[in-house]
Amino acid sequence: MNDTPQAAANEPAVRFEAVTKRYGDVVAVDAVSFDIAPATLVTLLGPSGCGKTTTLRLVAGLEQASDGRILIGGADVTHLSAAERDVSMVFQSYALFPHMTVIENVSYGLRSMGIRKAQAAEQAAQKLALVGLAGYENRQPSELSGGQQQRVAVARAIVLEPKVLLFDEPLSNLDAKLRRRVREEIRELQQSLALTVVYVTHDQEEALAVSDRIIVMNAARIVQDGTPHALYNEPNSRFIADFMGDANVLDAVVGARHGDLADVQVGPLRTAIRHRGFAGTRAAIALRPHSLRLAEGRRPDMLGGTVRKRTYLGDHVEYHVTLDEPRAELFVSAPATAALIPEGAAVAVTFDPAEAILIGE
Amino acid sequence: MPGSQPAVRRDVAGWLLIGWAAFLLLPWYKLESGFFAFDWLVRRGDGSPAAVLAFGAAPWLAPLVVPLLVATLLCARRHMRGVGVVAALGLVWLTAQGFAIIHSGWGYGWLASLSGAPGPKQPALGWGATAYCVALLMLVATELADRGYCKGDRFIVGSLLFVIAGMVLFVAYPLIAILLSAVQDNDGHFAPALFAAKVTNANIWSLRCLAGNGACGSAWNTVALAILVGVLCTALALPLALIALRTRVRAAWLLRSLSILPIITPPFVIGLALILLFGRAGIVTNFLSAHFDIPRSRWLYGMPGIAIAQVLAFTPIAFLVIAGVLQGVSPSVEEASSTLRASRWRTFRTVTWPLIRPGLASAFLIGFIESMADFANPLVLGGNFNVLSTDIFFAVVGAAHDQGRAAVLAIVLLAFTIAAFLAQRHWVGKRSFVTLSGKGDGGLPAPLPRGLRYGCYAVATPWLVLTIVVYVIILAGGFVQSIGRDNTPTLEYFLTAFSVEKGVNGWFLSGSAWPSLLTTIGLALVAMPLTAALGILTAWLLDRQRFRGRTLFEFLAMMSFAIPGTVVGISYILAFNVPPVQLTGTGLIIVISFVFRNMPVAIRAGLANLAQIDRSLDEASLTLRARSFATFRRAILPLLKPALVTAMIYSFVRAVTAVSAVIFLATGRFNLATVYIVGRADVGEYGIAIVYAAVMIVVMMAVLVGIQWLVGERRLGRRRAVADTGALPA
């Protein structure tokens, strides 16, 4: 969907150039740079306090950068206020004006631009229909369900056809079933209108599901930036491996390299793993919970441990295993078809080397 | 932003236009006949604009054209940098010449000795100068905004500068005038020795009453009285609050009437009622003397009487503070305690009590401040017992007319109240553990232990009875010949005060109270929207904007709450009696004193309301292309309607019932109801005073109830503020 009709296809919709935001001594965003291509959905992902929301608010103009430059559609907007930027936002709390009807809420931005009431209402009604809320024009926001309020917020944000649409954790006030549906709706809307969207969430599954690209932040910096596939399969740090899929990370020593593969020693185990260009010796390997296999008993040249806890979940079984060497807690997700292993049993842990990921320190 | 300005900026051009009009057309100086007589249009001369005066009588006004010229040139060249700088310089020059050249020649002694001549003279600034100042101030704001102050928002910077300028001129400058007056002798020379002598004067600090030979100084009297009143108010308010919120009584009417009474009752009215009850010829005194041979005495006049009056007057305020804290104690923590096998008494002692303790400290300090600031009760009941607030009044009004002494007394009083105010902020600012989570927690508050409950009833009942008696006296006392002595009903006093007669030219208001009542209501009505607007705007700036110096701004805004009315009154007299800003004798100064005295109430109402409005509403509006002014007007102000109404009512009622500040400012032409009543009471005409007070209370009650009924308790659906989830950056 990168086929934007504009000639400005090479011009990023949003560009951050070494943007820093400080509150007193606290650095909330530290020299962050990125480009966002038009008509893509880019997610800012990270644990709470990582600076992702601040970054989003910097795009919106709700915070002013302490340093660096922000460009939207090629124009420098660093010092422009929120009202002067061609950006709209969907808030976590929806922030619908409680004293206005649905249609008044949606036409608010048009009225701010000085468009006459009747015309604004007409355009707003189109957008309401687009989010499936035709007929709700004269309701009060308080008369709508959470999901409907969320759609009103989306309609209100897209009514100005902004260059960039921002979502701040839009699903966090919805129940689990509704979340999946709404995120699909957001994705469809983004693709059908070819919107440029910046989306903030702390939920990695949500990020993987909706994004063209994910920017993972931690401690005020970008740690990795790439497609969902790249982030999941090619994490560049322990943090990413752990954050993007609960990987178990074990210390490892890297030996000789042969082509794509490198000899790796993990505790008593010797194996060969794709080295992905890593050149050092001290490293770690990341193992997804579902790529580990357990077998009762011990083998000297394999990873061994003890089952601490077992949780039966119907379609699969989760084990917590304390590994002997290297010392670590493993989280294993085994298919329910495999034989159940009792708690307290000694186990040998195996995995397919093709599914292990080597991570530099 | 520079680079993105295709045309001359309209706001800058507009302010420049106003500045030019002020300089070229409007009368620069204050007019004796008043601006709105408009005779300056036909009769030039004293009504000349600065442009004319600069070529003749007042050449020092000529430099004021420079900022306008330079700013216009810069503006025409689309070069905005520097406009604010020249505007600021213009303001500096205006201020400097205003203070340097006054009505009596040079404003400073050193200028006279430097020039050796008596120097030029000029009257006070008028509307031309005012408009010029506002225009220049807004040009400064534009430049500050362009330089990125307050996120570059011109509306915010402009309103901020406007509010600050108002506070500097009408709060800070008068206080500085007090300080200056205190350290000068009556001829205007710097006299630190005299100041030291005045500050340490025995009349203020003497402790002779402890040794039993003579009276104590008024400072100690004031402090002792304030501590006593603070303790008594708190001790009475706690049981009242516990009864209202933690017993079956749960009387909504008690809460409501206690929250209304102190606002609508002019403070001295309680004192008047006490005189009618316990004075030498009071009802109770007569009864005791007739039936029990208890001799009549003047025990009421002095500390006992003032203390009783103030406790009656201020306990409701302390009650509101404690009730607020008690409501903040979540019932679920009390329930948690009782499920952990704690008895009712243990629950109260180990959970409820520690949680409300900060509220008690706060209630005490508020009683303390109110007592110190109270002027009318000591005036009516003081006798030979001197307190600072009345001392200040008599220092300027009495035969002595010693402004320096008044200034020194005002400084002492101010020091006490501000210290108490700071202490209160310190306690309440931490707000310790009482927090409203915003999650609706159900549950029932724990009932009080039985002994405590009866204790509460025992303390509260006598107070309630006395309060009711006092109000009965006030409402009924004016309609009998002489209450207690001759209880024949009469309309004599009412008719004297409020009669309406038919004369040759139709109906007219012949009662003696009409002029002051109408003046009061008129001025209060003018002040009402101004107070509310300024207060709500300030609250919005404080709550929603982040800018450098915000803490200081907030402190200044709320501090005017701690300045006693008498201090305000004396400071206004000292500051605004002479040029450059001369306002005494006008209705304007009374309106201004109303506005700045009552602004903190409006600010509080605004802050409380804003706290319920999720910040993301502002942000949503901003991201929808509405600039801060549009956001304020369209998204936030409609939601602030409750606060706006509250602020309007309170500022109106408080203005009508105020005494302490305006007693200095009222004049024959602008006489005020309260000042009139105090005057009647002072000469012993209690009948008229009481009937007038009763009418005021009834009118105020009608206003309050009427507006509350009109506005109703309208709720906007479920406005759950999802406050702490998304409002702040993660």
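Reminder, nothing fancy here: chain letters follow the sequence lines and each chain counts from 1. Given the structure is predicted, the values throughout are model-derived calculations rather than measurements.
Interface residue A/Met89: backbone and side-chain heavy atoms are both found under 4.5 Å from chain B. Using a 4.5 Å cut-off between heavy atoms, A/Leu96 contacts chain B through its backbone alone, with no side-chain atom that close. In this structure, chain A has no heavy atom under 4.5 Å from any part of B/Ser628. When heavy atoms are compared at a cutoff of 4.5 Å, B/Ala630 approaches chain A solely by way of its backbone atoms N, CA, C and O.
Between B/Arg544 and B/Glu619, none of the side-chain N atoms (NZ, or NE/NH1/NH2) sits under 4.0 Å from a carboxylate O, so this pair counts as no salt bridge.
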Practice item. Kindly determine whether A/Val210 and A/Val197 satisfy side-chain contact (heavy atoms from CB on, under 4.5 Å), including the steps that lead there. Key: CA-CA 11 Å; A/Val210 299; A/Val197 170; over 6 Å; no
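Residues A/Arg85 and A/Lys163 have side chains not in contact (no heavy-atom distance under 4.5 Å, counting atoms from C-beta outward).
Aromatic ring pairs are classed by plane angle as parallel below 30°, tilted from 30° to 60° and perpendicular above 60°; the pair B/Trp540 and B/Phe632 is tilted.
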